[in-house]
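Here's the structure, in structure tokens; my notes come after.
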Amino acid sequence: MTMATGQQQRGSQTETICFHCGLAIPSGIEISATIADQTRQFCCAGCAAVAEMIAGAGLDKYYRFYQPAGEAVDQQRRQQRYQVFDQESFQQRFVDCRQPQQYRLELLLPELHCAACVWLVERFLQRQPGVISAQVNLDQQRLSLCWDPQQTALSRFCEYLAELGYPPEPFTVKQQQLQQQQESHRWLRRIGVAGLGMMQVGMFSIALYAGELQQIANAHRLFLQWTSWLVTTVVMLYAAAPFFRNAWLGLRQARAVMDLPVAVAIAMAWLASTVATVSGEGEVYFDSIVMVTFLLLGGRYLEMRARHSSARAQQSLLSLLPEMVLQKGAAGELQLTPLYQIKPGDQIVVKAGEMLAVDGIVAEGSSALDESQLTGEFMPRSCALGDRVVAGSINGDSMLVITVSAVGDDCQMAAIDGLLQQGRDNKPRMAQFADRLAQRFILLVLTLAGLTWLGWQWLDPERAFAAMLAVLVVSCPCALALATPTVLTVATRRLRESGILVTRGAVWEQLANINHLVCDKTGTLTEGKLSLGRVLPLAEWDTAELLAMASALEQAASHPIAAAFDGIKPATIALNDWQLHVAAGVSARANGQLWRLGTPTFCQQTLALPDTVNHWLLLCCEQQAVGWIEVLDPLRADAADFIQRIRSQQQWPVSLYSGDHSGRVAAVAGALALDQAVAAMTPADKLRGIQHLQQQGHSVLMLGDGINDVPVLAAADVSIAMAEASDLAKTQADCILLNGRLQSVELLLTLAAETRRRLRQNVYWALSYNLLAMPLAAAGLVPPWLAAAGMSLSSLVVVLNAMRLQRWPLPAATAPQPLLQGGAAHG
Amino acid sequence: MDSLYLLIPLALLFTAIAVSALFWAINNRQYDDLDLDGRRILFDDDDQQAPVPQDEEKP
């Protein structure tokens, strides 16, 4: 393992390496433990715990095995550093090894900072043998890598990445926070140096400018120029270093990156000014250099802060889960256990006010859960014995005992993150357009700068250099590169806070073209929780016996109708030959007699329904009808208002496609004033219906439950699913609403429209600024320092415009509507 | 004007001191959470209050 640590600590003074995982220990962290009679340093409590565990099990020989051969040369050390990644302990901790030929790993690449870097990393890795997929999330600087370990080892990829200039680290959330903090400190230090340097050089420059007008003595002029040179060189080497590094890395890969014009401008200005200072003649541009550096750094720092706070907001809830839980043993004893030791099937105790650390089923107790972290819904959801609960919700006022069903990455939380990641990784067209534009722009800028210089040589050579400098600086397409990602980041975050997940990035644009809304009924316009209404016995049976028999028949079914019978104690009668007939009913034999519960046709009866409005089940034994049972499915309280607003604000026709056979469909359509309602549709019928609409030129938005109608959702132009947090793994739709409010659809529509508007605003602003400023600069009308200020300001405008989206308000609250029950009389 | 030769190096020295003070403050995490520090003055200082005289307690 990293026995190297012992030797290396003696050799290198600056870098201490974690004894367990081999990564650098960040300054300020002092965690140590005694392993094999020696005190060792660790980078985090996790590494220390594992090392102690290994030592405690008498396995500390493990750490004595591999000794490095001789001193570590930098290259060697880097290879060794990543060889750690191939080892079992690392892989167990960080790599998803569930599929033997498809290992997955998330890596943090702290040096990633622009779209060009992303392109580079993704392209490069995708060309390597053994890589199945490589996707980068720029906001979190996270690389999701999937590879075949039998073809290539992980360490190889890491070495490549390090050589490209992006040394990888395992992506853990705490690591990310640390990285963010370090990055933030680095930028602040650079800005501080650049700012103070700028003030000094600015002061000297004023003296020099005044001196030009007032015949400054040569000795004084030279003195001021040399001191300016000193300060500027320090600023350039320290604060402006990132620009040079990025430009150089880009050039090595034959890519023109955002920093290239800036680096060229600074370098040339410095050279020209140095020559002028040494020779005693000519213009110096020290003030421009430091001002460009300071303002650019400021702009980048703001962008970094936006990126960090968005990453923090989207931080996996898994990192907020408690590390220790109270486990209830078989004998009822309670013990504080670390979360990673909990397995499905264990029981844990959650006290009032605590956050649930696992997904599970309530085994004891009843309480109310606050699921706002997941769904954005602040009304607590009550839960009792047998209910499913999810990690991340906060327990209300009573203690609960939970039987664990999923831990860690199997939790619904991880599913949310996965879906969000998916949504952010495929970008809307406008964003891709802006990315491509930025690349071509840079080459254009360099060409124009050269032409400017040549042009001025012919007109007035003295102004040539300043004009070229101004062109280089003013046209850095930073604003263009920032225009789209920031808007999308903030918009996605705003939706996430309200419990809306966007899983496909193209949704933002497609929502603009929608002109028809198709809804499902059960679970979408209605609550989806069926309950029992009236019972009409037809034979000598009484109500209780009827219900008991029906409950027994529905026991084995997992249909929503069966859930309505949950509270009824089933008849204690043995059932054989139980069968579920799709869209018809259930049947079984009891005491030799064939019982059926379902639609009248299924029961082979020609009886008329008690009324055509509601959903009735007929229970019959052999050929005799025994009784009717009514099943109620109330409309959602906000359904009527929602439909009315969609029709008045969006002017879309609204259709209802339902698999329900009953007259309920027509009743709902009437109550909500829908344009069209079709009942008794099979999934294939629904699919045909949508395709028919699309052939007529409609762009369809489908609102469904996301689980039972997957092909239909896939066919629609945009699909929205109303899902419960506990069903996420099965939900497949472009957008997922977690909080069960139809109002969220309105928020999605208005926010999408506003996002499109901001995207357009930002791109047009960035473009027009550049197109306007470049000719002015080429004409020599813009001094270099003004060019720097203008360019930073334009980036600032773009970022601020995006950040205002964060405060986008919810649509006006709907007035409470009387609940529409199935039993209401209709004319 | 020859005072320039003294004053400017002096200014640079002060700048260097300022930079090192800034570095210290940054490394000491003083700029990490600017919002929190602004609100910190609103936190209650319960443990620094003088003890309430006993005879005023009971109604």
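Order of the sequence lines sets the chain letters (A, B, ...), proteins ahead of strands, with each chain counted from 1.
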Do other residues, nucleotides or ligands put more than 12 heavy atoms under 6.0 Å from the OH atom of Y5(B)?
yes
Intermediate values then yes/no, side chain to side chain contact (heavy atoms under 4.5 Å, CB included), N27(B) and R189(A):
CA-CA 9 Å; N27(B) 293 342; R189(A) 284 194 293 259; 2.4 Å; yes
Within this structure, what is the CD1-CH2 distance for the pair I26(B) and W187(A), rounded to the nearest 0.5 Å?
13.0 Å
Is chain A contacted by the side chain of L22(B), its backbone, both, or neither, given a heavy-atom distance below 4.5 Å?
side chain
Can you say whether I8(B) sits under 4.5 Å from chain A via the side chain, the backbone, both, or neither, judging by heavy atoms?
side chain
Is V231(A) close to chain B through its backbone or its side chain, or both, or neither, when contacts mean heavy atoms under 4.5 Å?
side chain
Atom group of A219(A) that falls short of 4.5 Å from chain B, counting heavy atoms:
both
Measuring from atom OG1 of T15(B) to atom CE of M199(A), what distance do you get when rounded to the nearest 0.5 angstrom?
9.0 Å
Rounded to the nearest 0.5 Å, what separation is found between the CZ atom of F14(B) and the CG atom of L196(A)?
14.0 Å
